[in-house]
Amino acid sequence: MINSHVLCDLNEPLIDHSEGQHFLNETFKIIMEEVLRKGTDIKEKVCEWKEPEELALLLDLELRATGEPRHRLLQRVKDVAKYSIKTSHPRFFNQQYGGVDYHSLAGRFLTEALNTNLFTYEVAPVFVLMETEVLRGLRQLVGWTEGDGIFCPGGSTSNMYAMNLARYRLFPEVKSQGLWGLPQLTVFTSPESHYSVKKGAAYLGLGTDNVILVKVDDGGRMIPADLDEKIELAKSQGAVPFLVSCTSGTTVQGAFDPLDHIADVCQKHKLWMHVDAAWGGSVLFSKQHRHLMKGVDRANSVAWNPHKMLVAGLQCSVLLLQDTTNLLKQCHSANATYLFQQDKFYDVNLDIGDKSVQCSRKVDCLKLWLMWKAVGSDGLAERVDRAFIHIRYLVEQMKKREGFHILGKLFFLCKFLITCFVNVCFWYIPPSLRGKEGNADYQDRLAKVAPVIKERMMKQGTMMVGYQPLGNRVNFFRVIVFSPLVSQKDMDFFLNEIERLGNDL
């Protein structure tokens with residue numbers, strides 16, 4: 001039975017535009033004040049830490065049958081802003097995203113308001129053309145005059161796409177017949193590559209046991225000679241190698257695999273060469289630092305996340321291909337006739353949705369396009385170069401202070417000591433442990449330092465930086481510096497704060 005009050009309202013819109021727009025205006029005021037002003041102010045906290053039980057009560061998360069009045073909803077918005085981590089804060093060093101670009105943010109707001117699905121030209125004419133142009137610009141930086149590509153929901157998906165495409169190129173029958181007729185396929189990557197390589201192998205039915213780990217040098221870079229040996233070994237055991245996944249900017253140490261030498265190996269064995277440049281790809285904008293990816297133009301595919309070093313905002317991830325045979329569409333198309341009719345009045349090649357494994361696909365190109373239009377390639381290059389300058393300064397200051405021990409090798413660049421990329425991995429050795437490296441319990445005690453400092457900084461809200469173990473190395477900090485909001489004062493604060501929080505341990 002239909003309620004009578006519902007029937008009498010059928011001639012009016014269900015949503016009150018005036019009320020909705022007023023709520024939206026008030027919400028934008030909160031965003032501007034709490035997120036964009038306070039959230040980028042070094043006098044304000046990076047986080048307002050609460051334990052889960054207390055936070056759940058403060059947010060009043062329960063969903064009810066009846067709606068709440070505007071003043072309560074606005075309080076909910078304020079609470080969400082207050083208790084969320086301020087990832088745009090200059091002292092958020094925790095992850096490979098952060099900071100804010102206001103042109104990109106404007107693009108993100110516009111994307112949400114337009115609520116467009118990027119699969120056909122008829123519903124997304126602006127963004128079909130825009131995505132095509134942005135992908136072309138990125139491919140040119142790689143060194144390709146032709147090719148293909150697509151925006152993906154994250155770098156992990158880009159890596160999985162590359163794996164799927166490489167398999168399809170070698171065994172196209174897998175699309176229709178499945179896995180049963182395939183030989184044992186093997187993937188080669190370094191132990192410091194992103195975990196999505198193993199996830200992709202599991203997801204695509206290859207099996208994680210068929211991800212062969214290639215040795216790395218002291219700096220975390222793949223050793224091409226060992227890659228060649230492991231490919232030969234796999235072949236001798238009856239397996240079929242089909243893809244090498246290199247990394248440009250490893251997650252922890254920021255290492256760049258030697259792409260040119262790896263390309264030689266891939267060419268010798270006729271393997272698909274994929275470069276996971278989700279983190280490091282943005283060095284291609286910099287004339288000074290693009291040498292780190294020498295040989296990338298010889299790859300078959302490249303994953304790149306502009307939402308990381310370029311600060312395009314989550315999410316903004318691309319897969320770039322050198323392929324010109326429409327492999328993306330051949331591999332992924334389902335030819336849904338309710339979307340991709342072949343008798344449309346415009347060029348149906350503009351209906352790009354069948355290149356994707358998704359149906360609904362968010363517009364992620366606008367934020368990057370608007371930012372790129374605003375600052376130009378030169379402005380983006382300046383951001384990359386500035387990040388290296390900040391990291392150079394940070395390393396120099398660490399070398400002057402007792403208690404900071406940097407992992408890995410340092411090398412000379414422009415007469416300054418820097419690490420490989422804009423990751424700096426280090427141990428902080430508190431006074432009580434200095435000179436005790438030979439003690440039997442030294443490693444166990446050192447492993448506890450970073451977690452305690454991290455807990456203290458988060459509960460006080462002063463800054464955020466990540467830590468992790470790696471192989472046989474106990475917990476160490478990994479500071480990420482790339483936000484355009486960061487200054488040298490923040491570098492000094494970072495070192496002072498680590499000392500303040502850890503001196504009594």
Side-chain angles (χ1 to χ4, degrees), residues 37-49 85-101 252-254 288-289 309 311 382-408 410-434 449-468 475-505:
R37 191 192 69 78
K38 290 183 180 178
T40 59
D41 187 345
I42 59 173
K43 301 186 198 69
E44 301 287 342
K45 291 183 176 182
V46 177
C47 64
E48 191 75 44
W49 180 258
I85 304 300
K86 307 305 185 294
T87 61
S88 297
H89 198 287
R91 292 168 184 172
F92 176 80
F93 306 109
N94 209 69
Q95 250 76 45
Q96 293 164 336
Y97 63 88
V100 63
D101 176 275
V252 178
Q253 295 197 81
Q288 187 176 357
H289 301 294
M309 198 172 193
V311 199
E382 185 179 6
R383 292 183 182 184
V384 174
D385 292 341
R386 186 180 175 89
F388 275 88
I389 291 170
H390 282 318
I391 219 72
R392 192 178 302 150
Y393 175 80
L394 183 64
V395 170
E396 288 175 340
Q397 298 307 307
M398 280 185 176
K399 299 294 286 183
K400 295 175 183 177
R401 298 191 186 212
E402 194 175 4
F404 290 89
H405 183 82
I406 300 171
L407 274 74
L410 299 176
F411 64 91
F412 282 94
L413 178 65
C414 300
K415 299 181 181 178
F416 292 101
L417 281 168
I418 73 163
T419 55
C420 190
F421 192 33
V422 294
N423 310 28
V424 177
C425 299
F426 68 95
W427 286 286
Y428 176 68
I429 317 294
S432 67
L433 287 179
R434 292 171 197 168
V449 172
V452 173
I453 293 178
K454 177 66 178 278
E455 179 182 1
R456 290 177 177 182
M457 74 174 67
M458 290 204 66
K459 289 184 174 178
Q460 295 177 34
T462 55
M463 66 179 189
M464 282 182 64
V465 62
Y467 73 87
Q468 63 282 301
N475 286 326
F476 55 86
F477 288 111
R478 179 200 63 168
V479 58
I480 306 290
V481 182
F482 64 93
S483 168
L485 302 181
V486 168
S487 70
Q488 284 192 354
K489 291 180 181 178
D490 299 308
M491 301 293 92
D492 294 331
F493 175 86
F494 175 82
L495 296 175
N496 293 336
E497 189 68 359
I498 291 288
E499 289 178 334
R500 183 185 73 83
L501 295 169
N503 262 341
D504 65 333
L505 295 179

### Task
Apply side chain to side chain contact (heavy atoms under 4.5 Å, CB included) to the pair Asn496 and Arg401, showing each step before the final yes or no.
CA-CA 10 Å; Asn496 293 336; Arg401 298 191 186 212; 2.7 Å; yes
#### Entry: For Gln468, side chain to side chain contact (heavy atoms under 4.5 Å, CB included) partners two or more places apart
Val252, Phe476, Arg478
### Flag side-chain contact, heavy atom, 4.5 Å: Gln95 against Ile85
no
### Message
Tell me if a side-chain donor or acceptor on Trp427 pairs with a main-chain N or O of Asn475 at a distance below 3.5 Å.
### Response
yes
### Query
Can you tell which of Val311, Asn423, Val384 makes a side-chain contact (heavy atoms from CB on, under 4.5 Å) with Phe482?
Val311
### Task
Evaluate side chain to side chain contact (heavy atoms under 4.5 Å, CB included) for Arg383 paired with Met309, printing each intermediate quantity in order.
CA-CA 8 Å; Arg383 292 183 182 184; Met309 198 172 193; over 6 Å; no
### Query
Does Gln397 CD have over 12 foreign heavy atoms under 6.0 Å away?
yes
### Message
Which heavy atom of Ser88 sits nearest to which heavy atom of Gly99, and what is that distance?
### Response
OG-O, 3.2 Å
Show me the donor-acceptor pairs within less than 3.5 Å that the side chains of residues 39-47 make with the rest of the protein, sequence neighbours left out.
{"unit_1": "Thr40", "atom_1": "OG1", "unit_2": "Leu36", "atom_2": "O", "d": "2.7"}
{"unit_1": "Thr40", "atom_1": "OG1", "unit_2": "Arg37", "atom_2": "O", "d": "3.3"}
{"unit_1": "Asp41", "atom_1": "OD1", "unit_2": "Lys43", "atom_2": "N", "d": "2.9"}

## Note on the structure
What one should report as the nearest heavy-atom pair of Tyr428 and Glu499 is OH-CA, 3.8 Å
### Message
Would you say that Ile429 contacts Val449 through its side chain, given a criterion of any heavy-atom pair below 4.5 Å between the two side chains?
### Response
no
### Query
Any idea how Phe93 and Phe494 line up, ring-wise: parallel (<30°), tilted (30 to 60°), or perpendicular (>60°)?
perpendicular
### Query
Tell me, do Val395 and Val424 make a side-chain contact under 4.5 Å, heavy atoms counted?
yes
### Task
State, to 0.1 Å, how close Asn94 and Val465 come at their nearest heavy-atom pair, and which atoms those are.
OD1-C, 3.1 Å
### Lys86 versus Phe92, closest heavy-atom pair with distance
O-CB, 3.8 Å
### Task
Could I get the full list of side chain to side chain contact (heavy atoms under 4.5 Å, CB included) partners for Gln488, not counting sequence neighbours?
His390, Tyr393
### Message
Closer than 4.0 angstrom, basic N to acidic O: yes or no for Arg500 and Glu497?
### Response
yes
### Query
Side chains of Glu455 and Leu501: closer than 4.5 Å at any heavy-atom pair?
no
### Query
Is the closest side-chain heavy-atom distance between Ile453 and Tyr467 below 4.5 Å?
no
### Query
At their closest point, which heavy atom of Arg456 faces which heavy atom of Leu505, and how far apart are they?
NH2-CD2, 3.5 Å
### Task
Check whether any side-chain N or O of Arg91 sits under 3.5 Å from a backbone N or O of Asp490 as a donor-acceptor pair, and report yes or no.
no
### Query
Quick one: are Phe421 and His289 in side-chain contact, heavy atoms under 4.5 Å?
no
